[in-house]
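All figures in this text were calculated on a predicted structure; none of them were measured in a lab.
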Amino acid sequence: EDQVTQSPEALRLQEGESSSLNCSYTVSGLRGLFWYRQDPGKGPEFLFTLYSAGEEKEKERLKATLTKKESFLHITAPKPEDSATYLCAVRSLNNDMRFGAGTRLTVKP
Amino acid sequence: NAGVTQTPKFQVLKTGQSMTLQCAQDMNHEYMSWYRQDPGMGLRLIHYSVGAGITDQGEVPNGYNVSRSTTEDFPLRLLSAAPSQTSVYFCASRATVAGANVLTFGAGSRLTVL
């Protein structure tokens, strides 16, 4: 069965303190790995899609990378407005989408 | 651009009551789906539809019904609510053209069953 595990569950950073979030996955044929951002009381908002090992995508202070077994979301010099829950999801060959439980990021000023 | 609209935003039910969560999208997406989100767990797929008149079960379908009479609307029905259905529900849609992978989510409906 496809599985997605995100770590840590929660992460507290000082403003400017860079770090990484991890998404480990097992999937029967990867058709895409997705990162979403979710703010309290709102629906997930799409950030990135990665398709193959070695691929990287960047958006402002965020960079997502992908290997054959995990993905990292690197946050460089975060700001308080980066505080949110970050969700990882994988799509398998049968088009099923499996989500991780998320990492709740808090950035203190 | 409304995107995906869900109503109501909040609802409290008593055990055994029925209700319908509404979902509408204005992007002409063929694919629509319902997820539930519980603390410490990832989003779990309840039901999905690949077009008007076509629906199928996801990972956790028991206790829920859906129908898809139009491209725009995809309501989720709880026929006899149970406390285990207390959750936040999200509707999502996407196109089904080649290369279209991204789900667009609604803002969610928080349901409490007493």
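Applying the 6.0 Å contact sphere to CD of A:Glu17 captures more than 12 heavy atoms from other residues, nucleotides or ligands. Shown here is A:Glu45, whose CD atom has no more than 12 heavy atoms of other residues, nucleotides or ligands within 6.0 Å. More than 12 heavy atoms of other residues, nucleotides or ligands shown are found within 6.0 angstrom of CZ on B:Arg77. Within 6.0 Å of atom CZ in B:Arg110, 12 or fewer heavy atoms from other residues, nucleotides or ligands are found, so the atom counts as exposed in its surroundings. By the neighbour-count criterion of 12 heavy atoms within 6.0 Å, atom CD of A:Glu81 is densely surrounded, having more than that number from other residues, nucleotides or ligands.
Between chain B and the residues A:Arg98, A:Glu9, A:Arg31, the largest count of heavy-atom pairs under 4.5 Å involves A:Arg98. Note on B:Pro39, B:Gly42, B:Cys91: by heavy-atom pairs under 4.5 Å with chain A, the leading option is B:Gly42.
Using a 4.5 Å cut-off between non-hydrogen atoms, no part of residues 58-80 of chain A approaches chain B. Identified by a heavy-atom distance below 4.5 Å to chain B, the contributing residues of residues 99-109 of chain A are A:Phe99, A:Gly100, A:Ala101, in residue-number order.
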(message) Using the rule given for side-chain contact (heavy atoms from CB on, under 4.5 Å), can you reason through A:Lys42 versus B:Phe90, listing the C-alpha separation, both sets of side-chain angles and the distance that settles it, and then say yes or no?
(response) CA-CA 9 Å; A:Lys42 296 190 176 180; B:Phe90 289 97; over 6 Å; no
(message) Assess the residue pair A:Met97 and B:Leu103 against the criterion (side-chain contact (heavy atoms from CB on, under 4.5 Å)); give the C-alpha distance rounded to whole Å, side-chain angles, the decisive distance to 0.1 Å, and a yes or no.
(response) CA-CA 10 Å; A:Met97 193 90 155; B:Leu103 285 169; 4.1 Å; yes
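A:Tyr36 is listed as a side-chain neighbour of B:Val102, based on a closest heavy-atom distance under 4.5 Å. The shortest distance between side-chain heavy atoms of A:Leu87 and B:Gln37 falls below 4.5 Å.
Tracing side-chain contacts under 4.5 Å through hydrophobic residues (I, L, V, M, F, W, Y), one never reaches B:Phe74 starting from B:Val88; they form parts of separate clusters. Under a hydrophobic clustering in which Ile, Leu, Val, Met, Phe, Trp and Tyr are joined whenever their side-chain heavy atoms come within less than 4.5 Å, directly or via other members, B:Leu111 and B:Leu76 fall into the same cluster. Residues B:Val4 and B:Leu43 fall into different hydrophobic clusters, defined by Ile, Leu, Val, Met, Phe, Trp and Tyr side chains chained together at heavy-atom separations under 4.5 Å. Note on B:Ile46 and B:Leu13: same hydrophobic cluster, where clusters join Ile, Leu, Val, Met, Phe, Trp and Tyr whose side-chain heavy atoms are under 4.5 Å apart, directly or indirectly. Using a 4.5 Å cut-off between side-chain heavy atoms of Ile, Leu, Val, Met, Phe, Trp and Tyr, with links allowed through other members, A:Phe48 and A:Tyr86 fall into the same hydrophobic cluster.
When heavy atoms are compared at a cutoff of 4.5 Å, A:Gln6 does not approach chain B at all. Neither the backbone nor the side chain of B:Tyr48 comes within less than 4.5 Å of any heavy atom in chain A. Looking at B:Leu45, neither its backbone nor its side chain comes within 4.5 Å of chain A, counting heavy atoms on both sides.
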